[in-house]
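Below is one structure, written out as structure tokens, with a few remarks after it.
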Amino acid sequence: MARKSLIQREKKRQRLEQKYHLIRRSSKKKMKKVPLLSDKWEIHGKLQSPPRNSAPTRLHRRCFSTGRSRANYRDFGLSGHILREMVHACLLPGATRSSW
């Protein structure tokens, strides 16, 4: 189980990303339309003004049950070892155990 502070930090990043999403998107559209390099630098400066934690690249996927940030499967939203336990317990329909 991940520490509560890490999970709360990740939730804060998600809220910030949603808050500044429209600002980032509109300034990126403006940057594509402007032909002059000097104007692009001005827009780029505005693009850097929101907080760093509002950038979408700072977000991490976390396991739904444990909060683990590594080895996550997008389809299930679970980390690898929780996914394996659930498959062995037949809790995920359509998922089969591999044996060779």
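The first residue in the sequence is number 1, and the count goes up from there.
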One pair to check against side chain to side chain contact (heavy atoms under 4.5 Å, CB included): Gln18 and Ser54. What are the steps and the verdict? CA-CA 8 Å; Gln18 290 174 355; Ser54 67; over 6 Å; no
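- Within the 4.5 Å cutoff, the side chain of Gln14 has heavy atoms near those of the Leu59 side chain.
- Two residues are said to be in side-chain contact when any heavy atoms from C-beta on lie closer than 4.5 Å; Asn72 and Leu78 fail this criterion.
- Contact of the Pro56 side chain with the Glu17 side chain is registered, since non-hydrogen atoms from C-beta on lie closer than 4.5 Å.
- Residue Phe76 is grouped with residue Leu91 when hydrophobic side chains (ILVMFWY) are merged at heavy-atom distances under 4.5 angstrom, including chains of intermediate members.
- Among all heavy-atom pairs drawn from Ser79 and Arg70, the shortest one is CB-O, 3.9 Å.
- At least one side-chain heavy atom of Arg9 sits under 4.5 Å from a side-chain heavy atom of Arg13.
- For Thr66 (side chain) and Cys63 (main-chain N/O), no donor-acceptor pair under 3.5 Å exists by modelled atom type.
- Val34 and Leu47 fall within a single hydrophobic cluster, where Ile, Leu, Val, Met, Phe, Trp and Tyr side chains are chained together by heavy-atom contacts under 4.5 Å.
- The hydrophobic clustering, which links ILVMFWY residues whose side-chain heavy atoms are closer than 4.5 Å, places Phe64 and Ile82 together.
- Of all heavy-atom pairs spanning Ser69 and Arg62, the tightest one is CB-NH1, 3.6 Å.
- His81 and Glu85 share no side-chain donor-acceptor pair at under 3.5 Å.
- The 12-atom threshold is exceeded at NZ of Lys40, counting heavy atoms of other residues, nucleotides or ligands nearer than 6.0 Å.
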